[in-house]
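On a predicted model such as this, the values are computed, not experimentally measured, just so you know. Chain A is the first sequence line, chain B the second, and so forth, proteins listed ahead of strands; every chain is numbered from 1.
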Amino acid sequence: MYRAPRGTADILPEEQPYWRYIEREMVNVCQLYGYERIDVPVFEDIQLFTRSVGEETDIVKKEMYTFEDRGGNIITLRPEGTAPVCRAYLEHGLHNLPQPVKLYYIAAIFRYERPQAGRYRQHYQFGCEAIGDDDPALDAEVIDMAWKFFMSFGLRGLSLNLNSIGCKQCRPQYLTALKDYYADRIQELCSDCKMRLKRNPLRLLDCKKLLCQQIANSAPRSVDHLCPQCNEHFDRLKRYLDLLALPCVIDHCLVRGLDYYTRTVFEIQPEEAGAQSTLGGGGRYDDLIEELGGKPTPAIGFATGIERIIVNLKKQGVAVPALPRPQVFIAYVGDEAKDEATKLSSTLRRNGIGVIEALGSKSLKAQLRQANTLSAHHAVIIGEQEVKTGTVILRDMTTAQQKTIPLNQLPGLLR
RNA sequence: GUGAGUGUCGCCUAGUGGUCUAAGGCGCCAGGUUGUGGCCCUGGAGAGCGAGGGUUCAAAUCCCUCCACUCACCCCA
């Protein structure tokens with residue numbers, strides 16, 4: 001028997017209300033902030049990701065689904081959404097539009113990892129990107145919008161963490177300070193952190209091991225090493241966030257896993273931080289567009305994992321609205337009645353009334369049982385009597401009241 | 001990639017070497033008289049116990065290998 005590939009999942013009808021609810025809230029919020037939808041391909045040239053995400057990141061080193069197609073092109077299933085959107089921005093000359101260009105997407109993301117709670121090989125992310133402006137008010141707006149999402153879903157008890165990791169001017173000095181600090185403590189570090197010190201020193205700061213965390217807490221802070229421009233940017237951002245009264249907490253150990261981030265980084269986490277706790281995160285990537293071959297273009301974005309939102313909605317017991325279904329069930333007795341039922345179903349649907357017609361030649365009892373299971377509001381029953389008289393029995397399934405009515409009155413009564 | 005746990009009908013679960021050619025609940029299907037649901041009653045379909053190999057007179061029950069799932073690490077949404 002075939003099974004869905006490891007780390008993938010079927011989203012069955014009973015799960016769909018969560019997905020449609022989240023999608024709807026997202027679209028609403030995006031419209032409030034002036035974001036427009038973009039859909040980008042599921043796969044891209046591998047280099048788009050190796051260039052942008054960073055050769056040393058786990059995503060590029062071990063998590064990409066990459067293959068050679070029949071034309072000899074090296075293709076990668078997108079492991080994140082920002083780079084493809086930036087590619088589209090450049091490819092279609094969107095810099096000719098009023099800046100910033102605000103785009104959002106809801107897209108499947110692919111990462112070859114060992115699955116666990118809240119982590120899949122194919123998962124779905126909502127993401128938004130505001131490309132073409134470096135005003136810290138835009139940072140504040142993106143963070144505000146991210147926060148609004150989770151509030152609109154009805155999630156509570158979330159924390160909003162913020163940091164600034166500087167730009168390519170001031171980051172090198174900071175990294176030097178960081179490495180100097182850690183060099184003295186190298187023997188106290190876990191084996192992973194020893195590697196990080198060489199490969200990706202920023203990541204030293206968010207090691208989960210208790211001892212490493214203690215060391216990280218007293219490490220030099222990126223915000224103390226910002227250049228004047230970055231410092232002013234961060235100060236102004238904090239002021240805007242105050243104005244918006246967002247419950248923001250500065251986390252000096254917050255860094256993000258992708259290389260392209262500059263200046264502002266932020267994350268949103270649920271109260272009870274489980275293992276895969278991050279609900280969403282984002283930040284500025286002021287160098288990325290240039291890195292991909294465009295003119296220097298500042299930008300900021302945010303992404304969130306839809307599966308993780310659903311996990312939290314369930315954990316918090318948030319009720320989501322049911323999806324609409326046909327409320328009318330049509331039952332029949334006899335072949336002539338079945339002909340009538342078939343015609344009637346079509347007529348009702350043409351009038352915008354959702355209908356489920358019985359099939360086969362089941363007993364009326366069985367048909368009504370099905371109507372009940374489907375929780376139809378009304379059953380329409382057609383038998384030999386009704387065919388002869390051009391009528392129909394309309395039965396209210398909640399009150400069990402029923403009456404015979406002329407066929408042509410039915411659409412009006414059901415509407 | 002590493003570590004731990006789990007694996008019996010669609011779902012949940014009983015069964016820990018021999019009346020297990022596997023039991024129950026939910027769900028599903030059908031009946032309970034003649035054209036009518038939900039409650040109740042009755043019956044039915046549905047697994048050979050993740051897969052393969054061993055041990056044994058005998059295995060769902062013990063051992064081995066593999067696979068899958070779950071959780072955790074790495075990392076991230």
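A:Glu267 comes within 4.0 angstrom of nothing in the nucleic acid, heavy atoms only. Among the heavy atoms of the strands, none lies under 4.0 Å from A:Thr57. Contact annotation for A:Thr398: base contact, defined as any heavy-atom pair under 4.0 Å involving a base atom. If you check every strand for non-hydrogen atoms under 4.0 Å, A:Ala337 touches nothing. Among the atoms of the strands shown, none is found under 4.0 Å from any heavy atom of A:Ile309. Counting non-hydrogen atoms under 4.0 angstrom, A:Gln367 reaches nothing in the nucleic acid. Contact annotation for A:Gln385: base contact, defined as any heavy-atom pair under 4.0 Å involving a base atom. The residue A:Glu113 sits close to a base: some heavy atom pair falls under 4.0 Å. Note on A:Lys362: only backbone sugar-phosphate atoms sit closer than 4.0 angstrom, heavy atoms only; bases stay farther off. Looking at heavy-atom distances under 4.0 Å, A:Arg395 makes contact with a base. Within 4.0 Å (heavy atoms only), A:Tyr120 reaches at least one base atom of the nucleic acid.
Looking at the side chain of A:Lys208, the nearest of the listed nucleotides B:C73, B:A77, B:C28 is B:C73. The side chain of A:Arg369 approaches B:A30 more closely than any other nucleotide in the set B:C75, B:A30, B:U36. With B:G32, B:U70, B:A77 as the choices, the nucleotide that has an atom nearest any side-chain atom of A:Arg256 turns out to be B:A77.
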Can you pull every protein N or O that's under 3.5 Å from an N or O on nucleotides 66-68 of chain B?
unit_1 : atom_1 : unit_2 : atom_2 : d
B:A68  : O2'    : A:Arg3 : NH1    : 3.2

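Not one N or O on the side chain of A:Asn161 forms a donor-acceptor pair closer than 3.5 Å with the backbone of A:Ile250. At least one donor-acceptor pair under 3.5 Å links the side chain of A:Thr304 to the backbone N or O of A:Leu279. At least one donor-acceptor pair closer than 3.5 Å links the side chain of A:Tyr21 to the backbone N or O of A:Phe153.
A salt bridge links A:Lys102 to A:Glu141: at least one charged side-chain nitrogen sits closer than 4.0 Å to a carboxylate oxygen. Salt bridge absent: A:Lys388 and A:Glu336 never bring a charged side-chain N and a carboxylate O closer than 4.0 Å.
For A:Phe110 and A:Phe43, the gap between ring centers reaches or exceeds 6.0 Å.
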### Task
Report the C-alpha distance between A:Asp339 and A:Lys343 in whole Å, list the side-chain angles of each, state the deciding distance to 0.1 Å, and finish with yes or no for salt bridge (Lys or Arg N to Asp or Glu O under 4.0 Å).
CA-CA 6 Å; A:Asp339 287 351; A:Lys343 285 191 288 182; over 6 Å; no
